[in-house]
Asks: 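What follows is a single structure, and I will ask about it in a moment.
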Amino acid sequence: MDSMSDDTLTIGGRSFGSRLFVGTGKYKDVEETRLALRASGASVVTVAVRRVDLTQSGKGSMFGMLREEGFTLLPNTAGCYTADDAIRCARLGREAAETDLVKLEVIGDPKTLFPDTEALVVAARVLVKEGFFVLPYTNDDPIVARKLVEAGCPAVMPLGAPIGSGLGIRNPHNLRILMETVSVPVIVDAGVGTASDAAVAMELGADGVLMNTAIALAKNPVQMATAMKLGVEAGRLAFLAGRMAPKLYANASSPLTGTIAPSAAPLSIE
């Protein structure tokens, strides 16, 4: 494979053209958001039901721009701290955006923004039964991920680091174990700070990466969006190619077979 256009991401029978999912918050205005989203190459963008007015779809509105650009909308339940609140928010998002897709977030702590995994599983079970296509934001715990899959989630979205921290992939070992534990796609969500972080996530075997702050708060969001697109593609290709086995000592790139044997006598310099 030499082109990412041949590498479609399929989740629960639905196909997406890009493995990079992006958010719509923290940009300076709607036009900057438009340009950055275009540069990212993303086909799926998240919108916070509690922070974006999905009823305003006129010219110049965020929702209107997203519709105009043809993005697949992924309403999220950001800012919800209970299962009931997240379920209610998901239902509002479905009505406003006319989609059964939902990025499910149930936050357990306002300082770290770590998920309340117990409430998350409860909310996921309810929403799956109501016909939602639930993509849950969770921690990097393989046991919780397995429970979410058993609840009917077609993918899981573990954090790489705290939301908005830009710290990169803090615990690659847990992520690798999680990927081996579940049989559904894994989208690394939160913590990416730059393109190399996105590449690392994909090299680990992630099926995709979701980000917002790393692009929106860059000095040049449009350039960073392009960098993230390329980082995801490079990491994916590297994973598919299969890296060489790391070695402790040097190993010459050129074999010695067939080379000229060194002279036994020392050179005489007059």
Side-chain angles (χ1 to χ4, degrees), residues 21-30 32-33 36-37 42 44-57 61-67 71-128 130 132-141 144-145 148 151 153 155-167 187-193 209-217 221:
F21 293 37
V22 293
T24 54
K26 302 182 180 180
Y27 292 94
K28 69 179 182 181
D29 54 36
V30 172
E32 182 181 72
T33 309
L37 297 187
V44 178
V45 299
T46 69
V47 287
V49 176
R50 301 185 68 169
R51 296 169 187 158
V52 175
D53 189 349
L54 299 180
T55 65
Q56 298 297 317
S57 58
S61 69
M62 177 67 73
F63 189 38
M65 179 274 289
L66 296 174
R67 287 291 200 193
F71 294 111
T72 296
L73 299 183
L74 177 59
N76 69 59
T77 62
C80 295
Y81 284 81
T82 68
D84 286 343
D85 199 12
I87 292 167
R88 187 180 307 110
C89 192
R91 291 167 178 164
L92 289 173
R94 178 168 60 182
E95 293 302 314
E98 299 178 338
T99 179
D100 60 355
L101 292 170
V102 62
K103 179 191 170 187
L104 180 61
E105 299 183 31
V106 184
I107 302 302
D109 176 67
K111 183 176 182 179
T112 64
L113 299 181
F114 285 148
D116 180 336
T117 55
E118 182 179 10
L120 179 68
V121 173
V122 170
R125 287 171 177 157
V126 172
L127 292 174
V128 167
E130 292 185 5
F132 280 89
F133 193 86
V134 181
L135 304 179
Y137 161 70
T138 182
N139 59 13
D140 57 8
D141 183 343
V144 174
L148 289 166
C153 296
V156 290
M157 308 178 84
L159 55 84
I163 293 175
S165 68
L167 289 172
I187 312 297
V188 172
D189 178 10
V192 169
V209 180
L210 190 153
M211 65 185 72
N212 182 184
T213 306
I215 296 176
L217 296 190

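In what follows, residues are counted from 1 in the order of the sequence shown.
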Asks: Have a look at Thr24 and tell me which of Asn212, Leu37, Leu73 forms a side chain to side chain contact (heavy atoms under 4.5 Å, CB included) with it.
Replies: Leu37
Asks: Shortest non-hydrogen contact from Glu32 to Pro221?
Replies: OE2-CG, 3.6 Å
Asks: Once rounded to the nearest 0.5 Å, what's the spacing between atom NZ of Lys103 and atom CZ of Phe21?
Replies: 10.5 Å
Asks: Can you name the one residue among Ile187, Thr77, Val106, Ile163 that meets side chain to side chain contact (heavy atoms under 4.5 Å, CB included) with Tyr137?
Replies: Ile163
Asks: Ignoring hydrogens, what is the shortest heavy-atom contact between Tyr27 and Ala216? Give both atom names and the distance.
Replies: CE2-CA, 3.6 Å
Asks: More than 12 non-hydrogen atoms from neighbouring residues, nucleotides or ligands closer than 6.0 Å to CD on Glu118, yes or no?
Replies: no
Asks: Show me, pair by pair, the donor-acceptor contacts under 3.5 angstrom made by side chains of residues 107-114, not counting sequence neighbours?
Replies:
from, atom 1, to, atom 2, distance (Å)
Asp109, OD2, Lys111, N, 3.3
Asp109, OD2, Thr112, N, 2.8
Asp109, OD2, Thr112, OG1, 2.8
Thr112, OG1, Phe114, N, 3.2

Asks: Would you say that Asp141 contacts Thr117 through its side chain, given a criterion of any heavy-atom pair below 4.5 Å between the two side chains?
Replies: no
Asks: So which atom in Met62 and which in Thr33 form the shortest heavy-atom distance, rounded to 0.1 Å?
Replies: CE-OG1, 3.7 Å
Asks: If you define the side chain from C-beta out and look only at heavy atoms, does anything of Pro115 sit under 4.5 Å from Leu159?
Replies: yes
Asks: Mind checking side chain to side chain donor-acceptor pair (under 3.5 Å) for Asn76 and listing every partner two or more places apart, or none if nothing turns up?
Replies: none
Asks: Taking only residues two or more places apart in sequence or in another chain, which ones pass side chain to side chain donor-acceptor pair (under 3.5 Å) with Ser165?
Replies: none
Asks: If we only count heavy atoms from C-beta on, is the Thr99 to Phe133 side-chain gap below 4.5 Å?
Replies: no
Asks: Just list the side-chain donor-acceptor pairs under 3.5 Å for residues 119-128, sequence neighbours left out, or say none.
Replies:
none

Asks: Residues in side chain to side chain donor-acceptor pair (under 3.5 Å) with Asp100, at least two apart?
Replies: Arg14
Asks: If you measure from CE on Met157 to CD on Glu105, what distance do you get to the nearest 0.5 Å?
Replies: 9.0 Å
Asks: To the nearest 0.5 Å, what is the distance between CG (Leu135) and CG (Leu148)?
Replies: 11.0 Å
Asks: Please tabulate, for side-chain N and O atoms in residues 87-96, each donor-acceptor pair with protein atoms closer than 3.5 Å (sequence neighbours left out).
Replies:
from, atom 1, to, atom 2, distance (Å)
Arg88, NH1, Asp85, OD1, 3.4
Arg91, NE, Glu130, OE1, 3.1
Arg91, NE, Glu130, OE2, 3.4
Arg91, NH2, Glu130, OE2, 2.4
Arg94, NH1, Glu130, O, 3.1

